[in-house]
Asker: 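The following block contains the structure, expressed as structure tokens.
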Amino acid sequence: QVHLVESGGGSVQSGGSLRLSCVLSGYTTKTHCMGWFRYAPGKGREASAAVAFDGVTEYAAEFADDFVGGRFTISRDNTKNMLSLRLNSLKPEDTGTYHCAADPSLGPGAMLKNSLMIYYWGQGTQVTVSS
């Protein structure tokens, strides 16, 4: 059984920062690809970014500017089976439940494009940004 546990969410004002963490545990080959997804009010599930075990990273098109511009940073620590998401300069539209996901077979691009195929999901951590 594989478990994903997210933490680090909270309520912040616009412009604030949060660091989300996700720990993967349980029976695993430890080579799972991992990613972050957001459920936003009225928008459904949005893929943001995913990182393969070897560090190859893919960004969803809708979030590319955020990651490339440095507002969001995704990182992975295989020694801790941890995936992190640093959120800076938060805006009210970033509000949502952020879920971590992992899959033993999909690569980062496939995870972002075919989230229905992802095998493991965490319960999510809520991020609320007020103006």
Side-chain angles (χ1 to χ4, degrees):
Q1 188 71 16
V2 172
H3 297 281
L4 295 168
V5 179
E6 303 99 331
S7 62
S11 296
V12 297
Q13 291 188 329
S14 182
S17 297
L18 289 170
R19 183 179 181 87
L20 311 183
S21 296
C22 170
V23 177
L24 172 67
S25 64
Y27 179 74
T28 172
T29 61
K30 300 185 178 181
T31 59
H32 289 57
C33 185
M34 300 178 72
W36 284 103
F37 295 76
R38 181 175 75 192
Y39 282 83
K43 295 183 179 180
R45 180 165 56 198
E46 301 174 289
S48 64
V51 185
F53 183 79
D54 61 4
V56 172
T57 302
E58 295 274 354
Y59 305 128
E62 295 82 2
F63 286 80
D65 288 344
D66 293 316
F67 284 99
V68 173
R71 196 166 76 90
F72 294 171
T73 303
I74 190 169
S75 59
R76 178 169 182 160
D77 185 343
N78 290 331
T79 65
K80 299 178 181 179
N81 289 335
M82 180 181 291
L83 184 72
S84 298
L85 181 65
R86 177 71 178 180
L87 306 171
N88 294 323
S89 302
L90 282 162
K91 306 172 184 178
E93 52 263 43
D94 296 321
T95 293
T97 305
Y98 287 70
H99 291 259
C100 177
D103 194 275
S105 303
L106 298 175
M111 282 191 75
L112 299 178
K113 294 176 182 177
N114 303 289
S115 60
L116 291 177
M117 297 176 62
I118 296 172
Y119 211 80
Y120 301 110
W121 290 89
Q123 292 298 310
T125 185
Q126 178 67 32
V127 171
T128 302
V129 185
S130 58
S131 58

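None of these values were measured; they are calculated from a predicted model. Scope of the values below: all heavy atoms of this structure, side chains included, with no hydrogens, waters or symmetry mates.
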Asker: Can you check whether S21's main-chain N or O pairs, donor with acceptor, with S84's side chain at less than 3.5 Å?
Answerer: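 No, S84 side chain to S21 backbone: no donor-acceptor pair under 3.5 Å.
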Asker: Decide yes or no on side-chain contact (heavy atoms from CB on, under 4.5 Å) for L18 and L90, but give the supporting numbers first.
Answerer: CA-CA 8 Å; L18 289 170; L90 282 162; 4.1 Å; yes
Asker: Counting N and O atoms only, with roles assigned by atom type, does the side chain of E6 sit under 3.5 Å from a partner on the main chain of G124, one being a donor and the other an acceptor?
Answerer: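 Checking the backbone N and O of G124 against the side chain of E6, a donor-acceptor pair under 3.5 Å is found.
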Asker: Are L4 and L112 linked, directly or through intermediate hydrophobic residues, by side-chain heavy-atom contacts shorter than 4.5 Å (ILVMFWY only)?
Answerer: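 L112 does not cluster with L4.
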Asker: Kindly assign one of parallel, tilted or perpendicular to the pair F67 and Y59, based on the angle between their ring planes and the thresholds 30° and 60°.
Answerer: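 Because their plane-to-plane angle is under 30°, the rings of F67 and Y59 count as parallel.
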Asker: Could you tell me whether the side chain of T95 reaches within less than 4.5 Å of the side chain of Q126, counting heavy atoms only?
Answerer: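 In contact.
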Asker: Mind checking the NE2-CE spacing from H32 to M111? Nearest 0.5 Å is all I need.
Answerer: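 Going from NE2 on H32 over to CE on M111, the span is 9.5 Å.
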Asker: Please name all residues satisfying salt bridge (Lys or Arg N to Asp or Glu O under 4.0 Å) with E46, sequence neighbours left out, ordered by chain then number.
Answerer: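 E46 satisfies salt bridge (Lys or Arg N to Asp or Glu O under 4.0 Å) with R38 only.
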Asker: H99 versus Y39: any side-chain heavy-atom pair under 4.5 Å?
Answerer: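 Side chain of H99 against side chain of Y39, heavy atoms only: contact under 4.5 Å found.
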Asker: Without swapping roles, check the side chain of T57 against the backbone of G55 for a donor-acceptor pair under 3.5 Å.
Answerer: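 Indeed, once roles are kept as given, a pair shorter than 3.5 Å links the two residues.
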Asker: How far does OG of S75 sit from CG of L83, to the nearest 0.5 angstrom?
Answerer: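 It comes to 7.0 Å.
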Asker: Would K91 and D66 pass as an ion pair if we require N to O under 4.0 Å?
Answerer: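 No, this pair does not count.
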Asker: With sequence neighbours excluded, what pairs up with C22 under the disulfide bond (SG atoms under 2.5 Å apart) test?
Answerer: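 Checked C22 against disulfide bond (SG atoms under 2.5 Å apart); matches are C100.
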Asker: By the disulfide bond (SG atoms under 2.5 Å apart) test, which pairs, at least two apart or in different chains, include something from residues 101-131?
Answerer: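 Matches after skipping sequence neighbours: none remain.
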Asker: Could you tell me whether the side chain of I118 reaches within less than 4.5 Å of the side chain of F37, counting heavy atoms only?
Answerer: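 Side chain of F37 against side chain of I118, heavy atoms only: contact under 4.5 Å found.
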Asker: Honestly curious: do L106 and F53 fall in one hydrophobic cluster under the side-chain, below-4.5 Å linking rule?
Answerer: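 No, it is not one cluster - the side chains of L106 and F53 are not joined through contacts under 4.5 Å.
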Asker: So how far is it from N81 CG to H3 NE2, rounded to the nearest 0.5 Å?
Answerer: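 Separation between the atoms: 13.5 Å.
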Asker: Going hydrophobic residue to hydrophobic residue with side-chain gaps under 4.5 angstrom, can you get from V12 over to L87?
Answerer: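 Same cluster: V12 reaches L87 through Ile, Leu, Val, Met, Phe, Trp or Tyr contacts under 4.5 Å.
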Asker: If you take all heavy atoms of R76 and C33, which pair is closest and at what distance?
Answerer: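 Heavy atoms only, the tightest pair is NH1-CA, 3.8 Å.
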Asker: Do V23 and L20 belong to the same hydrophobic cluster, where Ile, Leu, Val, Met, Phe, Trp and Tyr are linked whenever their side-chain heavy atoms lie under 4.5 Å apart, directly or via other members?
Answerer: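 Result: no, two separate clusters.
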Asker: For the residue pair P92 and S14, what are the closest heavy atoms and their distance?
Answerer: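 That would be CD-OG, 4.0 Å.
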Asker: Go through the steps to decide whether S48 and F72 satisfy the test side-chain contact (heavy atoms from CB on, under 4.5 Å), and finish with yes or no.
Answerer: CA-CA 10 Å; S48 64; F72 294 171; 5.9 Å; no
Asker: If you compare all heavy atoms of S17 against all heavy atoms of R86, which two are closest, and at what distance to 0.1 Å?
Answerer: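 Looking at all heavy atoms of both residues, the closest pair is CB-NH2, 3.6 Å.
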Asker: In the single-linkage hydrophobic clustering (I, L, V, M, F, W, Y; side-chain heavy atoms under 4.5 Å), do M34 and M117 co-cluster?
Answerer: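 Looking at the clustering, M117 is in a separate group from M34.
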Asker: On a heavy-atom basis, which atom in S7 and which in T125 lie closest, and how many Å separate them?
Answerer: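 Here S7 and T125 meet closest at C-OG1, 4.1 Å.
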Asker: Quick one: does any side-chain atom of S89 pair with a main-chain N or O of R71 as donor and acceptor, under 3.5 Å?
Answerer: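 Checked: no pair found.
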